[in-house]
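Data block below; observations after.
Treat the numbers as computed from the prediction; the structure is a model and nothing was measured. Letters go in sequence order (proteins before strands), and every chain restarts at 1. Atoms considered below: every heavy atom in the structure, side chains included; atoms not considered: hydrogens, waters and symmetry mates.
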Protein chains: 2
Amino acid sequence: MKQSYNNGVEATLGVISGKWKPQLLCYLGNRPQRTCDLRQELPAISQKVLTQQLRELERDGIIMRRVYGERAPFKVIYELTALGKSLGQILVQMSEWGEQRATQLPDMEIRNDHAGFTHILEG
Amino acid sequence: MKQSYNNGVEATLGVISGKWKPQLLCYLGNRPQRTCDLRQELPAISQKVLTQQLRELERDGIIMRRVYGERAPFKVIYELTALGKSLGQILVQMSEWGEQRATQLPDMEIRNDHAGFTHILEG
DNA sequence: CTGAATCCGCCGGGATACTG
DNA sequence: CAGTATCCCGGCGGATTCAG
């Protein structure tokens, strides 16, 4: 079926929105990672949801999935595609805007700063 | 209660995510608008949801609400705040990225182009 | 003209158990 | 190690009605 959006913003939101996607993009922006690496960085995520979010990012062409090994145990590596890396500027700006805003609101906390996303720009 | 995000991207997403918010920001980026104007530009939105989304944007400091008139019928005007306008660059970039991506995918359609958001930058 | 109050369906995300 | 299959819950957004 044909996807239809009113504007490009909605289309972009459709790609990066998701409870764990910003964090996944951040970690994968640093370097390609194995599934177990991601599970270690995101201890709270369930297996089902991790696979789900990764599948969506893959389907949208943001990340690439590579499997090594003929039989279990497998080694699966996820990494940003060129398209995924092209999100770098946007992610850094969104990160900075959010941080900037948090400084004005005492009741808002942001754990990691935008440096986590800047690595995407280096690729 | 204290809001907590893992990174600034999530914080920004929390502000602009919502089924109608990108469109509302686009229209309000052109000029301040009355409630009835917005309802005309978004015929499909229900009254409840329109008010809801506007309230959220207002609570987050993105738009400002002004009421004119002592008694009904009231005249209510919504307009972007300085903070709201500071989202302009991000929205334009997200819009362009989404459009760019749509050109690669035959099954994806985007009705309005990023020009709708560039007016925010002029304020 | 503008908005509050209900009631409700859908879907993203979570808990758990199972497979290769 | 990596992923699938169920069952489940909460909250966003929708339809409708009432009010100043």
Terminal axes of the helix from C:dC1-D:dG20 to C:dG20-D:dC1 (five pairs each): angle between them, nearest 10 degrees = 40°
message = So A:Arg71, base contact, sugar-phosphate only, or nothing? Heavy-atom distance under 4.0 Å.
response =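 Result for A:Arg71 = nothing.
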query = Which is true for A:Tyr78 with a 4.0 Å heavy-atom rule: it touches a base, it touches only sugar-phosphate, or it touches nothing?
reply = sugar-phosphate
For [X], all residues meeting side-chain hydrogen bond (donor to acceptor under 3.5 Å, both in side chains), sequence neighbours excluded:
| X | value |
| --- | --- |
| A:Tyr5 | A:Gln3 |
| B:Glu109 | A:Ser4 |
| B:Glu79 | B:Arg66 |

task = Hey, could you give me each pair passing salt bridge (Lys or Arg N to Asp or Glu O under 4.0 Å) that has a residue in residues 20-33 of chain B? Not counting sequence neighbours.
result = B:Lys21-B:Glu56
ask   = First and last nucleotide of DNA chain C touching chain A, 5' to 3', heavy-atom cut-off 4.0 Å?
value =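 Span of nucleotides near chain A: C:dG13 to C:dG20.
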inquiry  = What is the first contacted nucleotide of DNA chain D and what is the last, in 5' to 3' order, if contact means an atom lying under 4.0 angstrom from a heavy atom of chain B?
reply    = D:dG13 to D:dG20
task = Let me know, please, whether A:Val67 or B:Ala72 comes out on the 5' side of the other along DNA chain D by nearest nucleotide.
result =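 Nearest nucleotide further toward 5': that of A:Val67.
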request  = Return the residues of residues 37-59 of chain B meeting this criterion: a heavy atom under 4.0 Å from some atom of DNA chain C. Order them by number, or give none.
outcome  =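 Residues of residues 37-59 of chain B under 4.0 Å from DNA chain C: B:Gln47, B:Lys48, B:Thr51, B:Arg55.
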Using atom types as modelled, flag every donor-acceptor pair under 3.5 Å from a side chain in residues 84-92 of chain A to any protein atom, sequence neighbours excluded.
residue : atom : partner : partner atom : Å
A:Ser86 : OG   : A:Leu83 : O            : 2.5
A:Ser86 : OG   : B:Trp97 : NE1          : 2.9

ask   = Any idea which heavy atoms bring A:Ala11 and B:Gly98 closest together, and the distance?
value =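 Looking at all heavy atoms of both residues, the shortest contact is CB-CA, 4.2 Å.
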Only distances under 3.5 Å count here; give the side-chain donor-acceptor pairs of residues 114-123 of chain B to other protein atoms, sequence neighbours excluded, each with its distance to 0.1 Å.
residue  : atom : partner  : partner atom : Å
B:His114 : ND1  : B:Glu99  : OE1          : 2.9
B:His114 : ND1  : B:Glu99  : OE2          : 3.3
B:Thr118 : OG1  : B:Ala115 : O            : 2.7
B:His119 : ND1  : B:Asn30  : OD1          : 3.1
B:His119 : ND1  : B:Ala115 : O            : 3.0

task = Please round to the nearest 0.5 Å and tell me the distance separating atom CD of B:Gln52 and atom CG of B:Leu57.
result = 11.5 Å
ask   = Where along residues 18-28 of chain B does a heavy atom come under 4.0 Å from DNA chain D, residue by residue in number order?
value =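 Of all residues in residues 18-28 of chain B, the ones placing a heavy atom under 4.0 Å from DNA chain D are B:Gly18, B:Lys19, B:Trp20.
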ask   = By side chain to side chain contact (heavy atoms under 4.5 Å, CB included), which residues pair with B:Arg65, not counting sequence neighbours?
value =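 For B:Arg65 the side chain to side chain contact (heavy atoms under 4.5 Å, CB included) partners, ignoring immediate neighbours, are B:Arg55, B:Glu58, B:Val67, B:Val76, B:Tyr78.
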